[in-house]
J.: 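Below is the structure I would like to discuss, written out as structure tokens.
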Amino acid sequence: MSGDSGAPTNFIRQIIDDDLASGKHARIHTRFPPEPNGYLHIGHAKSIVLNFGIAQDYPGSCNLRFDDTNPAKEEEEFVEAIKDDVRWLGYDWDALRFASDYFEQLYEYALELIRSGKAFVCDLDAEQVREYRGTLTEPGRPSPYRDRSIEENLDLFQRMRAGDFPDGSRTLRAKIDMASPNINMRDPALYRIRHGLIHHQTGAEWCIYPMYDYTHPISDALEGITHSLCTLEFEDHRPLYDWVLDNITIACHPRQIEFSRLNLEYTVMSKRRLTQLVQEKHVSGWNDPRMPTIAGLRRRGYTPEAIRSFCEAVGVTKSEGTVEMGVLENSIRGHLDAVAPRRMVVLDPLKVTISNYPDDTSEALPAGNHPKDESMGTREVVFTREVYIDRADFREEANKKYKRLVLGGEVRLRNAYVVRCDEAIKDADGEIVELRCTYDPDTLGHNPEGRKVRGVIHWVSATHGQRAEVRLYDRLFSTANPGRGGQDFLDDINADSLRVLSECVVEPALTSATAGERFQFEREGYFVVDAVDSRAGAPVFNRIVSLRDSWGKIAED
RNA sequence: UGGGGCGUAGCUCAAUUGGCAGAGCGACGGACUCUGACUCCGUAGGUUGUAGGUUCGAUCCCUACCGCCCCAGCCA
């Protein structure tokens, strides 16, 4: 049942299997319930893949529901961005809902709670409530307003809605148990008063807003959710979730199941911190390619497929851990290796003159777009007397392990000829400014006989290539767990997380690349045409991820 | 300190519910290669947090410890 997509099973899917087998449910209904107070991040993707993935694999459905009970923090911009991100990830909701759709029903249920003596209007202010609540080790004391008559509570609550009382002056509270060892059960607030806010869905219609703990179970039940999946910090809230549904007249009682949230090395995931990065302009916005947001990963060049397979790879459990960044990187490498056309780009150009190649000639050489997939076809690269190679691909001398160009040595120019380096020309400071090489005309398409070249390097024609900007992104933070030990996480920002290279040379086939197109720059990594800053005929490239590099780990000789 | 959770390989997860502790990723080594990529082959890596107990037999059941996370918003 759960294996249809090849998605690995987990304890939640096992519970669902059991519920289907026992006949408790014939159909599964999940929901993804974001609060529109920020952009979605990779941690939300885990929840999205879980919830929508279950709906896909079982006979089931999944709603997108905005948990919009706190208009002070929520905005329409965020609801639109979230819808975009969910769709981009490849999912479509069965129903689009807002918790605010249920405000009227929520209000009616609150009246029911009051009528049955399960809720009361409390006149304590926030500080007094805190004093009465007790501590982790001491029980709380009942509010002096706890035993008001039902009639008075009804009247007061109706007047709360009518706007008769100022912010913070009163709350509606559940009447549960002030001595409960679970603080969430110590007569939690159900409604608070908030004047003067324009809610993005309901406008100025309400001046009282329901709390999450009250809204969520009822919203779930109203939608016929069977399994309400949330993160571990809500485990303590489950008794309250159940209490609400057990004490009102409602037919459905979803099962809340908690799983551990995603933690990723070298980044931060809390909305508070992401918001701070954006507001204080440590990044260019929610979609900065270094951000772990879906919008950031999208602009960075990640694919929905890669993010989905990443989410499946990390699994779903109740134990907390931190996933290595390499797992995310491998997910995109794996996908793009299969589908990204290959191109040649020189990031740090060093001019090479092929002395024995005629000045007035050029050759259009066919180059495969993919080494293992001929269906991806070929394009032409232009070979000329002057080409660029990368500075890192030449050394005056090196040991045998160095598989690139050395003085007096031979190397193949990818898709073209074998060349030998005869001379390195230096400027007054001793810096190499040009290489003089000779090429072997008999090495096109086959290797020379009787001798072995050191390796293969990429190149671009100096006369046919085009300058382009390439942005090299690295992890946003320099430590695996930013801000650990209580210090400011901003101190851990990686100062080199973005390097802009403006003098790169790209092969002709790349000048017409359009926004969002992804390529492998051979021997370098995977790159995407930036959707924001590229211009027609002048693409800007973002590095998505470098190629795996076993050479970089070997100590320099 | 009260309550709620979680501890299995470097990381993420399995282990048919008491029957020889495995996989993927990573690391390391090799093969292949016109990408130091991809692919393929192989190796290492464990006192299952600790100490007891029950049992022929414990990752699994019991007891006690230890460590880590969450909870004292009129946030979600």
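Quick caveat, the model's predicted, so the values are computed rather than measured. Chain letters run A, B, ... following the sequence lines, proteins first and then strands; every chain starts at 1.
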J.: Kindly state whether the ring of A/Y191 and the ring of A/Y214 have centres lying under 6.0 angstrom apart.
T.: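 Judged by ring-centre distance (under 6.0 Å), A/Y191 and A/Y214 do meet the cut-off.
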J.: Nearest to the A/R194 side chain among B/rU35, B/rA76, B/rC74, which nucleotide is it?
T.: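 Of the options given, the side chain of A/R194 lies nearest B/rC74.
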J.: Using the C1' atom as the point on both nucleotides, what is the distance between B/rU17 and B/rA76, in whole Å?
T.: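 Nearest-Å result for B/rA76 against B/rU17 at atom C1': 37 Å.
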J.: Work out how far the C1' atom of B/rC28 is from that of B/rG19, and round it to whole angstrom.
T.: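 Approximately 34 Å lies between the C1' atom of B/rC28 and that of B/rG19.
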J.: For the pair made of NE2 in A/H458 and P in B/rA37, what is the distance, rounded to whole Å?
T.: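 Distance, rounded to whole Å: 15 Å.
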J.: By nearest heavy atom, map A/T443 and A/G315 onto RNA chain B; which one lands nearer the 5' end?
T.: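 Mapping each residue to its closest nucleotide by heavy atoms, the 5'-most match is A/G315.
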J.: Looking only at the aromatic ring of each residue, does the gap between the centers of A/Y439 and A/Y417 stay below 6.0 angstrom?
T.: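 When the ring centroids of A/Y417 and A/Y439 are compared, they turn out to be within the sub-6.0 Å range.
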J.: May I have the distance from A/D337 (atom CG) to B/rU39 (atom P), rounded to whole angstrom?
T.: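 Rounding to the nearest Å, CG of A/D337 and P of B/rU39 are 6 Å apart.
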J.: Is A/N330 close enough to B/rG26 that one of its side-chain N or O atoms is under 4.0 Å from OP1 or OP2 there?
T.: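 It does, given that an N or O in the side chain of A/N330 lies less than 4.0 Å from OP1 or OP2 of B/rG26.
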J.: Would you indicate which nucleotide in B/rU12, B/rC6, B/rC75 comes nearest to any side-chain atom of A/V314?
T.: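 So the side chain of A/V314 is nearest to B/rU12.
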J.: Side chain of A/R192, heavy atoms from C-beta onward: which of B/rC13, B/rC74, B/rG36 has the nearest atom to it?
T.: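 Selected nucleotide (nearest to the side chain): B/rC74.
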J.: If you measure from the C1' atom in B/rU59 to the same atom in B/rG49, how many Å do you get, rounded?
T.: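 B/rU59 and B/rG49 have their C1' atoms separated by 12 Å.
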J.: Rounded to the nearest Å, what distance is computed from the CG atom of residue A/L264 to the P atom of nucleotide B/rU12?
T.: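 Nearest whole value for this atom pair: 11 Å.
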J.: Heavy atoms under 4.0 Å, any strand shown: does A/F234 hit a base, just sugar-phosphate, or nothing?
T.: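 Base contact.
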J.: Quick check on B/rU17: syn or anti? Syn means the glycosidic torsion is within 90 degrees of zero.
T.: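 B/rU17: syn glycosidic orientation.
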J.: Between B/rC74, B/rC11, B/rG4, which nucleotide gets closest to the side-chain atoms of A/E235?
T.: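 Comparing B/rC74, B/rC11, B/rG4 against the side chain of A/E235, the answer is B/rG4.
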J.: Could you check A/R414 against A/E522 for salt bridge (Lys or Arg N to Asp or Glu O under 4.0 Å), going step by step and ending with a plain yes or no?
T.: CA-CA 9 Å; A/R414 174 89 165 139; A/E522 292 199 87; 2.7 Å; yes
J.: Can you say whether a donor on the side chain of A/R130 sits under 3.5 Å from an acceptor on the base of B/rG73, or the other way round?
T.: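 For A/R130, whose side chain was compared with the base of B/rG73, there is no donor-acceptor pair (under 3.5 Å).
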J.: B/rC74, OP1 or OP2 - any side-chain N/O from A/R173 closer than 4.0 Å?
T.: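 Result: no.
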J.: Can a side chain N or O of A/T317 be found less than 4.0 Å away from OP1 or OP2 on B/rC13?
T.: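 For B/rC13, OP1/OP2 do have a side-chain N/O of A/T317 under 4.0 Å.
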J.: Taking the six-membered ring of A/F521 (Phe, Tyr or Trp), confirm whether the NZ or CZ of A/R343 is under 6.0 Å from its centre and within 45° of its axis.
T.: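 That pair does not qualify as a cation-pi contact.
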J.: Is there, by distance only and without an angle test, a donor paired with an acceptor across the side chain of A/D236 and the base of B/rG3 below 3.5 Å?
T.: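 When only heavy-atom distances are counted, A/D236 does reach the base of B/rG3 through a donor-acceptor pair under 3.5 Å.
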J.: To the nearest Å, how far apart are A/N263 CG and B/rC70 P?
T.: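 Distance, rounded to whole Å: 10 Å.
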J.: Counting only side-chain heavy atoms from C-beta out, which of B/rA76, B/rU35, B/rU1 sits nearest to A/R342?
T.: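 Selected nucleotide: B/rU35.
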J.: May I ask you to verify whether the side chain of A/Q520 and the base of B/rU35 hold a donor-acceptor pair under 3.5 Å?
T.: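 Looking at the base of B/rU35, it does pair with a donor or acceptor on the side chain of A/Q520 (distance under 3.5 Å).
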J.: If you look at every strand shown and take non-hydrogen atoms under 4.0 Å, does A/L124 touch a base, only sugar-phosphate, or nothing?
T.: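 Answer is base: heavy atoms of A/L124 come under 4.0 Å of a base.
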J.: Using the P atom as the reference point in each nucleotide, state the distance between B/rG52 and B/rC60 in Å, no decimals.
T.: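 Taking atom P in both B/rG52 and B/rC60, they lie 14 Å apart.
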J.: Using the C1' atom in both, what is the distance from B/rG22 to B/rU8, to the nearest Å?
T.: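 Here B/rG22 and B/rU8 have their C1' atoms 10 Å from each other.
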J.: Is A/T69 near enough to B/rC75 that one of its side-chain N or O atoms lies under 4.0 angstrom from OP1 or OP2?
T.: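 For B/rC75, neither OP1 nor OP2 has a side-chain N or O of A/T69 closer than 4.0 Å.
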J.: CE of A/M325 versus P of B/rC11: gap in Å, rounded?
T.: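 That distance rounds to 17 Å.
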J.: Do A/H216 and A/Y212 have their ring centres less than 6.0 Å from each other?
T.: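 So the answer is yes for these two rings.
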J.: Between B/rA37 and B/rA31, how far apart are the two C1' atoms, rounded to whole Å?
T.: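 So the two C1' atoms sit 16 Å from each other.
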J.: When you compare the side chains of A/D187 and A/Y132, does any donor N or O come within less than 3.5 Å of an acceptor on the partner?
T.: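 No - no donor-acceptor pair under 3.5 Å links their side chains.
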J.: In whole Å, what is the span from the CD atom of A/E265 to the P atom of B/rG10?
T.: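 After rounding, the gap between these two atoms is 14 Å.
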J.: Within the structure, does a side-chain N or O atom of A/R133 lie under 4.0 Å from either OP1 or OP2 of B/rC74?
T.: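 Yes, within the criterion.
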J.: Any donor-acceptor pair under 3.5 Å between the side chain of A/K372 and the base of B/rC38?
T.: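 Side chain to base: pair found, below 3.5 Å.
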J.: Within residues 207-222 of chain A, find the residues that approach RNA chain B with a heavy atom at under 4.0 Å, and present them sorted by residue number.
T.: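 Those residues whose heavy atoms fall under 4.0 Å from RNA chain B, taken from residues 207-222 of chain A in numerical order, are A/P210, A/M211, A/Y212.
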J.: Picking from B/rC6, B/rG26, B/rA76, which would you name as closest to the side chain of A/R548?
T.: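 Out of B/rC6, B/rG26, B/rA76, the nucleotide with an atom closest to A/R548's side chain is B/rG26.
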J.: Between P on B/rC74 and CG on A/N184, what's the gap in Å once rounded to a whole number?
T.: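 It works out to 10 Å between those atoms.
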J.: What parts of residues 412-420 of chain A reach RNA chain B, counting only heavy atoms under 4.0 Å away?
T.: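 Heavy-atom cutoff 4.0 Å gives A/R412, A/R414, A/N415, A/A416.
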J.: I'd like the P distance from B/rC11 over to B/rC71, given in whole Å.
T.: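 About 24 Å, rounded to a whole number of Å.
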J.: If the glycosidic angle is within 90 degrees of 0 it's syn, otherwise anti, so just tell me which one B/rG73 is.
T.: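 With its glycosidic angle within 90° of zero, B/rG73 counts as syn.
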J.: Where each pair must be Watson-Crick or G-U wobble with both distances under 3.5 Å, what dot-bracket representation of RNA chain B is obtained, with crossing pairs in [ ] and other-strand partners as |?
T.: .((((((..((((.....[..)))).(((((.......))))).....(((((..]....))))))))))).....
J.: Contact class for A/G326 (heavy atom, under 4.0 Å): base, sugar-phosphate, or nothing?
T.: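 No contact.
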J.: Compare the minimum distances between each of B/rG7, B/rC75, B/rA72 and the side chain of A/S319, then state the nucleotide with the smallest one.
T.: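 Side chain of A/S319 sits closest to B/rG7.
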J.: When you compare B/rU55 with B/rA44, how far apart are their C1' atoms, in angstrom units rounded to a whole number?
T.: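 Here B/rU55 and B/rA44 have their C1' atoms 35 Å from each other.
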J.: Report the distance from atom NZ of A/K452 to atom C1' of B/rC32, rounded to the nearest whole Å.
T.: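 Distance, rounded to whole Å: 11 Å.
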J.: Of the nucleotides B/rA76, B/rG10, B/rU35, which has the atom closest to the A/E522 side chain?
T.: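 Given the options B/rA76, B/rG10, B/rU35, the side chain of A/E522 is closest to B/rU35.
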